[in-house]
Amino acid sequence: MKATIYEGNKTFTVIEKEVEQPDEGEVRIKVAYVGVCGTDVHIYHGMMDKRVSIPETIGHEMSGIIDAVGEGVTGFTVGDKVVVRPLDDRKIKPSDKGFNHICEELKFIGIDSPGAMQQYWNVPAFTLHKLKESTDLKLAALIEPLSVATHDVRRSGLIKGETAVVLGGGPIGLLVAMVAKELGAQVIISEVNPNRIVKAKELGFDAVSPIEVDLVEYVKSKTENRRADVVFEVAGVQPALDIMCEVAGIRGRILMVAIHGVKKEVDLFKFFWKELSLIGARVYEKEDYEKAIDLITSNELPFEQMITDVQPLSNIQQVFESIDKNPEGLKVMMDCQA
């Protein structure tokens, strides 16, 4: 079978390897599609070389069909369409308080252990979520990033009729906006990239550039001066941290989606003055995956417009080089059987 390996120094190689039998408690998946995540791009840039065991197969946004079932596995059979929730929480401890998805010794499959960018992939059965037979496997590869969005929105406490401002109109920002809108919220997207603003508007969102308009005044004009009930910080840059406290209304909730690797400045006075809440959100829980699966299965939202390119697994090096040259794209899918 074909498998890809990251070798460091912005290099991926396609190799041939033997198809392995699943161990006890595992299944073997015939991988259909794998989405390229922003984390995968960070790996490509060498930013995670201390964490990834080079050479390594990466990838975690996937869909596929069970090809073989190991001893002791129940509830799954050959032919089932599935996705993987790539969290290995087997080292959960009492001090983790039952929050398995953020336990202290959590291992992220596809980063800390071999991932999905190969034709066949053996994984623990406890990571699986079963899909309906009618599920489009290409769209199903969006379930993992969509689960990030469903988790973010759930953590925010957003309810129907509230106003949500999404700072950042990349793939996760747009998925957060979709989930928030599906919930019945008014959604405003702030994005500096003109091409992504166009894409957001094509998806039916109110999207503006904070470079071209005063975002605070714009949000006030849309909310009878109340400003935002919830702000999703997805951009991960200092200007977004500067504006999030301004655009949030009294007792607004700010949901930190972006990953900030270094300490940043935040206007804590605004938290005191307006009684704001800052909420962290990391990956997802089982119910977030099930919500994402329901959204994909119902196919009532324009998820297909999130997929901007599909390439065969053999083109993996070109795919990452292309993403570097064209960071404005949304979701690139690898067809693992092409």
Side-chain angles (χ1 to χ4, degrees), residues 1-68 70 82-91 105-128 137 141 144-145 148 171 259 261 283 309-327 329 331-338:
M1 71 168 188
K2 288 181 182 177
T4 67
I5 54 172
Y6 166 67
E7 297 189 291
N9 195 30
K10 292 188 175 181
T11 302
F12 283 92
T13 302
V14 180
I15 64 170
E16 288 287 335
K17 61 183 287 190
E18 293 293 323
V19 177
E20 299 176 353
Q21 291 299 316
D23 290 336
E24 182 178 355
E26 291 186 342
V27 303
R28 185 173 68 216
I29 300 173
K30 183 178 182 180
V31 183
Y33 295 94
V34 180
V36 178
C37 174
T39 302
D40 299 328
V41 177
H42 289 325
I43 292 172
Y44 169 72
H45 285 144
M47 297 169 65
M48 302 178 73
D49 282 0
K50 291 183 179 179
R51 181 173 173 184
V52 177
S53 298
I54 300 171
E56 185 66 281
T57 300
I58 66 169
H60 56 273
E61 300 180 0
M62 60 74 63
S63 64
I65 299 172
I66 293 179
D67 178 69
V82 294
V83 290
V84 169
R85 179 160 46 100
L87 306 180
D88 186 345
D89 58 2
R90 285 176 283 190
K91 292 187 177 180
E105 295 190 48
L106 180 73
K107 298 298 182 183
F108 198 100
I109 302 171
I111 300 175
D112 301 310
S113 59
M117 289 186 181
Q118 51 188 321
Q119 290 187 306
Y120 293 88
W121 188 31
N122 293 0
V123 297
F126 68 79
T127 66
L128 299 179
L137 287 176
E144 194 275 347
V148 172
I259 300 172
V283 291
D309 194 16
V310 179
Q311 291 288 329
L313 201 60
S314 56
N315 285 357
I316 187 168
Q317 181 68 33
Q318 298 94 306
V319 164
F320 278 87
E321 290 175 359
S322 177
I323 290 172
D324 252 7
K325 295 174 184 175
N326 179 31
K331 186 57 63 178
V332 179
M333 292 289 179
M334 307 301 300
D335 184 341
C336 291
Q337 300 301 320

Throw together a table of side-chain donor-acceptor distances under 3.5 angstrom for residues 41-50, partners on residues two or more places apart or in other chains.
unit_1: H45; atom_1: ND1; unit_2: V41; atom_2: O; d: 3.4
unit_1: H45; atom_1: NE2; unit_2: D324; atom_2: OD1; d: 2.7
unit_1: H45; atom_1: NE2; unit_2: D324; atom_2: OD2; d: 3.1
unit_1: D49; atom_1: OD1; unit_2: Y6; atom_2: OH; d: 2.7

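By the 4.5 Å heavy-atom criterion applied to side chains, V31 and Q119 are not counted as neighbours. You'll find the side chain of D88 stays beyond 4.5 Å of the side chain of T127, heavy atoms only. Two residues are said to be in side-chain contact when any heavy atoms from C-beta on lie closer than 4.5 Å; I323 and V332 meet this criterion. The closest side-chain heavy-atom distance from M117 to C336 is not below 4.5 Å. Using a 4.5 Å heavy-atom threshold, the side chains of V36 and V319 count as touching. The shortest side-chain heavy-atom distance between I15 and I5 falls under the 4.5 Å cut-off. No side-chain heavy atom of Y33 sits under 4.5 Å from any side-chain heavy atom of Q337. In this structure, the side chains of T4 and L313 come closer than 4.5 Å at one or more pairs of heavy atoms.
With E321 contributing its side chain and Q318 its backbone, the two residues share no donor-acceptor pair below 3.5 Å. Counting only distance, with no hydrogens or angles, the side chain of N315 and the backbone of Q311 share no donor-acceptor pair below 3.5 Å. Using a distance-only test at 3.5 Å, with no hydrogens or angles considered, no donor-acceptor pair links the side chain of S63 to the main chain of A32. Checking side-chain atoms of E144 against main-chain N and O of V83 turns up no donor-acceptor pair under 3.5 Å. Side-chain N or O atoms of W121 include none that pairs as donor or acceptor with a backbone N or O of R28 at under 3.5 Å.
Closest heavy-atom contact between Q21 and N122: O-ND2, 3.3 Å. Annotation for K30 and D67: closest pair N-CB, 4.0 Å, computed over non-hydrogen atoms. For the residue pair K2 and S314, the shortest heavy atom distance occurs at NZ-CB, 4.3 Å. Annotation for A125 and V27: closest pair CB-CG1, 4.3 Å, computed over non-hydrogen atoms. The heavy-atom pair separating P312 from M334 by the smallest distance is O-CE, 3.3 Å. The minimum heavy-atom distance between D40 and F320, with the atom names listed, is O-CE2, 3.5 Å.
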Query raised in the report: Can you check side chain to side chain contact (heavy atoms under 4.5 Å, CB included) on F126 and D89, steps first, answer last?
Result: CA-CA 10 Å; F126 68 79; D89 58 2; 4.0 Å; yes
Requested in this report: Would you please test L106 and D112 for side chain to side chain contact (heavy atoms under 4.5 Å, CB included) and show each step?
Outcome: CA-CA 9 Å; L106 180 73; D112 301 310; over 6 Å; no
Query - Test log, rule side-chain hydrogen bond (donor to acceptor under 3.5 Å, both in side chains), inputs Q118 and T57 - result: CA-CA 7 Å; Q118 51 188 321; T57 300; 4.6 Å; no
**Report entry** Verdict with reasoning, I111 to I58, per side chain to side chain contact (heavy atoms under 4.5 Å, CB included)
**Finding:** CA-CA 6 Å; I111 300 175; I58 66 169; over 6 Å; no
**Report entry** Working for side chain to side chain contact (heavy atoms under 4.5 Å, CB included), residues V84 and I29
**Finding:** CA-CA 10 Å; V84 169; I29 300 173; 3.6 Å; yes
Query raised in the report: Taking it one step at a time, do N9 and E7 satisfy side-chain hydrogen bond (donor to acceptor under 3.5 Å, both in side chains)?
Result: CA-CA 7 Å; N9 195 30; E7 297 189 291; over 6 Å; no
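Between K331 and E61 there is a salt bridge, since at least one side-chain N of the basic residue sits less than 4.0 Å from a carboxylate O of the acidic one.
In this structure, the separation between CE on M62 and NE2 on H60 is 11.5 Å, given to the nearest 0.5 Å.
At most 12 heavy atoms of other shown residues, nucleotides or ligands fall within 6.0 angstrom of atom CD in E18.
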